[in-house]
Amino acid sequence: QVQLVESGGGLVQAGGSLRLSCAASGRTFSAYTMGWFRQAPGKEREFVSTINWSSGNAYYADSVKGRLTISRDKAKNTVYLQMNSLKPEDTAVYYCAARTKSGTLQYDYWGQGTQVTVSS
């Protein structure tokens, strides 16, 4: 069993930066990939970024390329999302997720979410 806890959200002006953290806990943590998703008011949840836990290879949605950077600290079982040059359209609840099972592309663990609000 895995528990994911996000932190680091808040209110920031356009052009500012935030760093989100997602700490994974459990007796045994093992994940193939971890990712960040977000859901803005009135919109569907969307993919933001994912990282291969072992290799560190990262992938990004086109809307955030060049502005957001995902990383992980394997020793701390933590994944980060460094967000720079934030825009009002980045406003959303950001969720951390982990895929721990093979044979599927679905994420099976989710955090509670952290609110990011970008003002203009």
Side-chain angles (χ1 to χ4, degrees):
Q1 299 295 322
V2 175
Q3 182 178 0
L4 305 177
V5 180
E6 302 100 328
S7 62
L11 175 64
V12 64
Q13 291 189 159
S17 299
L18 285 173
R19 187 195 192 198
L20 306 184
S21 298
C22 173
S25 63
R27 290 190 61 197
T28 302
F29 176 74
S30 180
Y32 291 100
T33 61
M34 295 190 69
W36 289 96
F37 298 78
R38 67 187 182 186
Q39 186 167 18
K43 295 185 177 181
E44 296 292 310
R45 182 187 66 184
E46 67 174 339
F47 164 78
V48 175
S49 181
T50 187
I51 187 167
N52 181 281
W53 191 252
S54 179
S55 69
N57 290 339
Y59 302 88
Y60 301 92
D62 288 342
S63 60
V64 304
K65 286 181 179 178
R67 300 188 300 114
L68 276 60
T69 303
I70 191 171
S71 62
R72 93 292 195 215
D73 187 330
K74 297 174 72 175
K76 295 182 178 180
N77 289 335
T78 300
V79 63
Y80 304 94
L81 186 67
Q82 178 66 48
M83 305 188 295
N84 299 326
S85 301
L86 285 165
K87 305 175 181 180
E89 48 264 47
D90 294 317
T91 296
V93 176
Y94 284 71
Y95 297 92
C96 175
R99 182 173 69 86
T100 66
K101 299 179 180 179
S102 63
T104 178
L105 295 178
Q106 277 67 54
Y107 287 83
D108 51 331
Y109 291 96
W110 295 82
Q112 84 289 346
T114 184
Q115 177 71 49
V116 172
T117 302
V118 184
S119 63
S120 59

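Fair warning: this is a prediction, and the values are worked out from it, not measured in the lab.
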Original post:
Taking atom CG of Leu105 and atom OH of Tyr32, what is their separation to the nearest 0.5 Å?
Top reply: 12.5 Å
Original post:
Where is the tightest heavy-atom contact between Lys101 and Asp108, given as atom of each residue plus distance?
Top reply: CG-OD2, 3.6 Å
Original post:
Taking Arg38 for the side chain and Thr91 for the main chain, is one N or O donor matched with an acceptor at less than 3.5 Å?
Top reply: no
Original post:
What residue among Gln115, Glu6, Met83 forms side-chain contact (heavy atoms from CB on, under 4.5 Å) with Tyr94?
Top reply: Met83
Subject >> CA sep, side-chain torsions, deciding dist, call: Val64, Phe47, side chain to side chain contact (heavy atoms under 4.5 Å, CB included) >> reply: CA-CA 10 Å; Val64 304; Phe47 164 78; over 6 Å; no
Subject >> Shortest non-hydrogen contact between Ser85 and Arg67, atoms and distance >> reply: O-NH1, 3.1 Å
Original post:
Would you say the side-chain atoms of Asn52 pair up with the backbone N or O of Asn57, donor to acceptor, closer than 3.5 Å?
Top reply: no
Original post:
Under 3.5 Å, is there a donor-acceptor pair between the Thr50 and Tyr107 side chains?
Top reply: yes
**OP:** Examine Val48 and Trp53 and state if one hydrophobic cluster contains both, with Ile, Leu, Val, Met, Phe, Trp and Tyr joined whenever side-chain heavy atoms are less than 4.5 Å apart.
**Re:** yes
**OP:** Determine whether Ile51 and Trp36 make a side-chain contact, defined as any pair of heavy atoms from C-beta on separated by less than 4.5 Å.
**Re:** no
Subject >> Residues Asp62 and Lys65 bridged, charged N to O under 4.0 Å >> reply: yes
Original post:
How close do Ala98 and Leu4 get, heavy atom to heavy atom, and via which atoms?
Top reply: N-CD1, 3.7 Å
**OP:** Determine the minimum heavy-atom distance between Val2 and Tyr109, stating which atoms define it.
**Re:** O-CD2, 3.1 Å
Subject >> Donor-acceptor contact present, side-chain Ser49 to main-chain Tyr59, <3.5 Å >> reply: yes
Original post:
Yes or no on side chain to side chain contact (heavy atoms under 4.5 Å, CB included) for Thr100 and Ser30, after CA distance, side-chain angles and deciding distance?
Top reply: CA-CA 6 Å; Thr100 66; Ser30 180; 5.9 Å; no
Original post:
What distance separates Ser21 OG from Arg72 CZ, expressed to the nearest 0.5 Å?
Top reply: 15.0 Å
Original post:
Shortest non-hydrogen contact from Ser120 to Ala14?
Top reply: CA-CB, 4.4 Å
Original post:
Between Ile70 and Met34, does a side chain to side chain contact (heavy atoms under 4.5 Å, CB included) hold up when you go through it step by step?
Top reply: CA-CA 10 Å; Ile70 191 171; Met34 295 190 69; 6.0 Å; no
Original post:
Does Leu68 share a hydrophobic cluster with Leu18, counting links as ILVMFWY side-chain heavy atoms below 4.5 Å and allowing steps through other members?
Top reply: yes
Original post:
Is any side-chain heavy atom of Cys22 less than 4.5 Å from a side-chain heavy atom of Tyr80?
Top reply: no
Subject >> Minimal non-hydrogen separation, Leu20 against Gly9, with atom names >> reply: CD2-N, 3.6 Å
Subject >> Cluster link Val116 to Val93, ILVMFWY, side chain under 4.5 Å >> reply: no
